[in-house]
Amino acid sequence: MEINAMYENLGISKKVLDFGKKIEDSLKDRFQEIDENAEYNQMKVIKAMQDNRVSDIHFAATTGYGYNDLGRDTLEDVYASVFHTESALVRPNLISGTHALSIALSGNLRPGDELLSPAGKPYDTLEEVIGIRESTGSLKEYGVIYRQVDLLPNGTFDYESIKKAINERTKLVTIQRSKGYDTRPTFSVSQIGELIAFVKEIKPDVICMVDNCYGEFVERMEPSDVGADMIVGSLIKNPGGGLAPIGGYIAGKTECIDKASYRLTAPGLGKEVGASLGLNQAFYQGLFLSPTVVAGALKGAVFAANVYEKLGFQVVPNGSESRHDIIQAVTFGNPEGVIAFCQGIQAAAPVDSFVSPEPWDMPGYDAPVIMAAGAFVQGSSIELSADGPIKPPYAVYFQGGLTWYHAKLGILMSLQKLLDAGLVQI
Ligand SMILES: *Cc1c(COP(=O)(O)O)cnc(C)c1O
């Protein structure tokens with residue numbers, strides 16, 4: 001059977017295929033650049049594994065307290081090598097990105113300290129962690145003060161106001177690399193480096209933490225290469241490579257990581273405990289695959305940007321900009337577009353392709369959210385997924401794809417659904 005017939009079997013019309021083909025043909029140079037970065041990062045990961053003498057004994061399961069869990073300790077050393085940090089905490093009991101960020105913050109802040117976000121409002125779920133929205137157990141309840149400096153209208157840092165906001169109580173600066181559910185640009189590693197240098201010049205001992213979710217392996221450098229004291233992320237996003245079934249990481253200065261570990265387990269216990277329960281092999285293997293998986297996801301994001309830009313929708317990043325995370329935002333301007341797009345992504349999935357996603361009130365978010373995810377790991381967003389809060393500007397956030405071919409199918413299917421619903425014309 002011809003390849004077109006394979007797509008038609010899956011429900012993609014000739015019209016959509018032809019439209020997609022033209023766009024794909026125009027992206028050869030972009031894709032080559034993505035592949036070259038993946039190659040670089042693949043070598044980085046292999047070198048880190050070799051330098052730390054990773055061996056099959058590290059894949060053995062531990063139970064109970066998990067004392068002397070060699071696999072866990074070596075995995076943390078591998079992460080530290082990949083990210084060029086002194087130390088790392090990489091655990092299945094960091095149950096999500098939000099949890100890892102919450103542990104990094106609460107482990108390193110004390111009552112009376114001030115937390116500063118110089119890059120505007122942080123990710124939705126952090127609002128409750130910090131206490132921006134009233135929440136039981138927030139940092140605010142523990143006497144941590146929060147301050148925020150919004151980005152300038154053009155999406156860059158407001159250095160003047162940041163300088164004014166830093167004071168004797170400022171203990172930790174949190175910088176979110178990815179746009180999250182926002183339409184601001186994602187920051188490049190070098191922009192983050194400039195911001196960190198600026199902050200450190202004013203106050204050298206301030207801890208600079210970067211929420212690195214969705215950014216790992218997109219560039220050749222990470223925020224830890226440009227002065228971040230801690231970088232934090234989720235293993236069901238980029239660095240888990242689609243194989244990690246759970247987990248989060250915090251990598252950075254030993255002092256910061258130790259403090260986080262005392263919060264994750266208990267004062268006095270720290271990194272010494274925490275059984276890995278047989279998950280180590282998936283963590284190692286997922287990290288090994290991550291650079292190429294991220295490359296597939298990036299190709300999907302670039303393809304989606306170009307498809308929807310061509311159709312006249314606002315896309316962030318735009319079709320030709322350089323990329324600093326794997327997320328693609330497409331603004332439809334109405335709920336129907338968001339819903340049809342997500343239903344297309346769902347219909348292209350290997351798992352649960354037969355269900356149709358609907359908006360619902362997800363914990364941690366302030367508007368109904370629609371999520372499309374036909375994933376092997378529940379909620380995994382390195383797998384092909386799309387979500388969007390049902391509120392203006394009605395933007396959908398698309399990310400992931402364990403392979404480029406699957407990402408491509410998902411985007412073509414989303415376009416098919418929009419076409420079928422009469423929401424676009426091609
Ligand atoms: C996903 C994400 C988080 C939260 O991670 P969860 O694993 O969903 O809890 C935090 N910050 C950013 C920028 C994210 O993309």
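Scope of the values below: all heavy atoms of this structure, side chains included, with no hydrogens, waters or symmetry mates. For reference, positions follow the sequence shown, starting with 1.
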Counting only pairs under 3.5 Å, give me each side-chain donor-acceptor contact of residues 344-356, with atom names and distances, residues two or more places apart or in other chains.
residue : atom : partner : partner atom : Å
Q346    : OE1  : A373    : N            : 2.9
Q346    : NE2  : D352    : O            : 2.9
S356    : OG   : Q343    : NE2          : 3.0

L264 side chain reached by N93 side chain, heavy atoms, under 4.5 Å: yes

Residue pair P118 / F157, side-chain heavy-atom distance below 4.5 Å: no

For the student: nearest non-hydrogen atoms of L384 and G410, plus distance: CD2-CA, 3.8 Å

Full working for side chain to side chain contact (heavy atoms under 4.5 Å, CB included) between L101 and V129: CA-CA 9 Å; L101 288 158; V129 168; over 6 Å; no

Interatomic distance, L116 atom CG to I175 atom CD1 [nearest 0.5 angstrom]: 9.0 Å

Minimum heavy-atom distance A407-G401, with the two atoms named: CB-CA, 4.5 Å

Non-hydrogen side-chain atoms of E383 and Q378 separated by less than 4.5 Å: no

Beyond-backbone contact of Y159 with L195, side-chain heavy atoms, under 4.5 angstrom: yes

Any side-chain heavy-atom pair of I250 and I103 under 4.5 Å: yes

Verdict with supporting geometry, E128 and E134, side chain to side chain contact (heavy atoms under 4.5 Å, CB included): CA-CA 7 Å; E128 283 176 278; E134 265 338 294; over 6 Å; no

Short side-chain to backbone donor-acceptor contact, S106 and S102, under 3.5 Å: yes

Distance in Å, S322 OG paired with E219 CD, rounded so as to fall on 0.5 Å steps: 7.5 Å

Nearest non-hydrogen partners of Q328 and P317, listed with the distance: NE2-O, 2.9 Å

Over all atoms of both residues, closest heavy-atom pair of Q42 and F288: NE2-O, 3.1 Å

Show the atom names and distances, to 0.1 Å, of all donor-acceptor pairs under 3.5 Å that link a side chain in residues 390-398 to residues at least two apart or in another chain.
residue : atom : partner : partner atom : Å
K391    : NZ   : D366    : OD1          : 3.0
Y397    : OH   : D182    : N            : 3.2
Y397    : OH   : D182    : O            : 3.4

E86: side-chain hydrogen bond (donor to acceptor under 3.5 Å, both in side chains) partners, not counting sequence neighbours: T254

Qualifying residue, where the test is side-chain contact (heavy atoms from CB on, under 4.5 Å) with I207 and the options are D113, V199, L172, T174: L172

Pair Y308 + F332: ring centers closer than 6.0 Å: yes

4.5 Å side-chain heavy-atom contact, P185 and K179: no

With sequence neighbours excluded, residues passing side-chain hydrogen bond (donor to acceptor under 3.5 Å, both in side chains) with D229: K200, K253

Spacing of CD1 belonging to I246 relative to CG belonging to L235, to within rounding of 0.5 Å: 9.0 Å

Residue pair Q148 / Y146, side-chain donor-acceptor N/O under 3.5 Å: yes

Pairwise ring pair (Phe, Tyr, Trp, His ring centres under 6.0 Å) hits with a residue in residues 65-91, at least two apart: Y65-Y67, Y79-F83, Y79-Y249, F83-Y249

Donor-acceptor side-chain pairing of S385 and Q399 below 3.5 angstrom: yes

N154 CG: over 12 foreign heavy atoms closer than 6.0 Å: yes

Heavy-atom closest contact (C213 atom, S178 atom, distance): O-CB, 3.4 Å

Spatial distance of atom OG (S188) from atom CZ (R177) [nearest 0.5 Å]: 8.5 Å

Flag, side chain of S135 to backbone of S138, donor-acceptor distance under 3.5 Å: no

Side-chain donor/acceptor of K44 to backbone N/O of R220, under 3.5 Å: yes

Sub-4.5 Å side-chain heavy-atom contact between I370 and D387: no

Side-chain (E222) to main-chain (S224) donor-acceptor, under 3.5 angstrom: no

E255 atom CD: more than 12 heavy-atom contacts under 6.0 Å: no

V90 backbone acceptor or donor facing R72 side chain under 3.5 Å: no

Over 12 non-hydrogen atoms of neighbours within 6.0 angstrom of NZ in K121: yes

T186 backbone acceptor or donor facing Q176 side chain under 3.5 Å: no

Partner residues of T74 under the side-chain hydrogen bond (donor to acceptor under 3.5 Å, both in side chains) criterion, sequence neighbours left out: H58

Over all atoms of both residues, closest heavy-atom pair of A282 and L243: CB-O, 3.7 Å

More than 12 heavy atoms from other groups under 6.0 Å of CD on E141: yes

From CG (L89) to OG1 (T265), nearest 0.5 Å: 8.5 Å

Side-chain heavy-atom pair V45, N41 within 4.5 angstrom cut-off: no

Steps toward side chain to side chain contact (heavy atoms under 4.5 Å, CB included) verdict (I326, N238): CA-CA 9 Å; I326 64 167; N238 305 15; 3.4 Å; yes

K203 side-chain N/O to E168 backbone N/O, donor-acceptor pair under 3.5 Å: yes

Worked check of side chain to side chain contact (heavy atoms under 4.5 Å, CB included) between H406 and T403: CA-CA 5 Å; H406 180 218; T403 70; 3.4 Å; yes

Other residues, nucleotides, ligands: >12 heavy atoms within 6.0 Å of D205 CG: yes

Residue pair K171, E114: steps toward the salt bridge (Lys or Arg N to Asp or Glu O under 4.0 Å) verdict: CA-CA 6 Å; K171 176 70 176 291; E114 215 166 277; over 6 Å; no

Under 3.5 Å: donor-acceptor pair, side chain of R30, backbone of G319: yes

Parallel, tilted or perpendicular, as decided by the 30° and 60° cut-offs, for the rings of Y284 and F59: perpendicular

Side-chain (T85) to main-chain (S87) donor-acceptor, under 3.5 angstrom: yes

Distance, nearest 0.5 Å, that separates CG of N306 from CD1 of I23: 6.0 Å

Expected output: side-chain R263 to main-chain N108 donor-acceptor under 3.5 Å: no

Verdict with supporting geometry, D51 and S81, side chain to side chain donor-acceptor pair (under 3.5 Å): CA-CA 8 Å; D51 286 351; S81 297; 5.8 Å; no

Crowding at NZ, K140 (>12 non-hydrogen neighbours, <6.0 Å): no

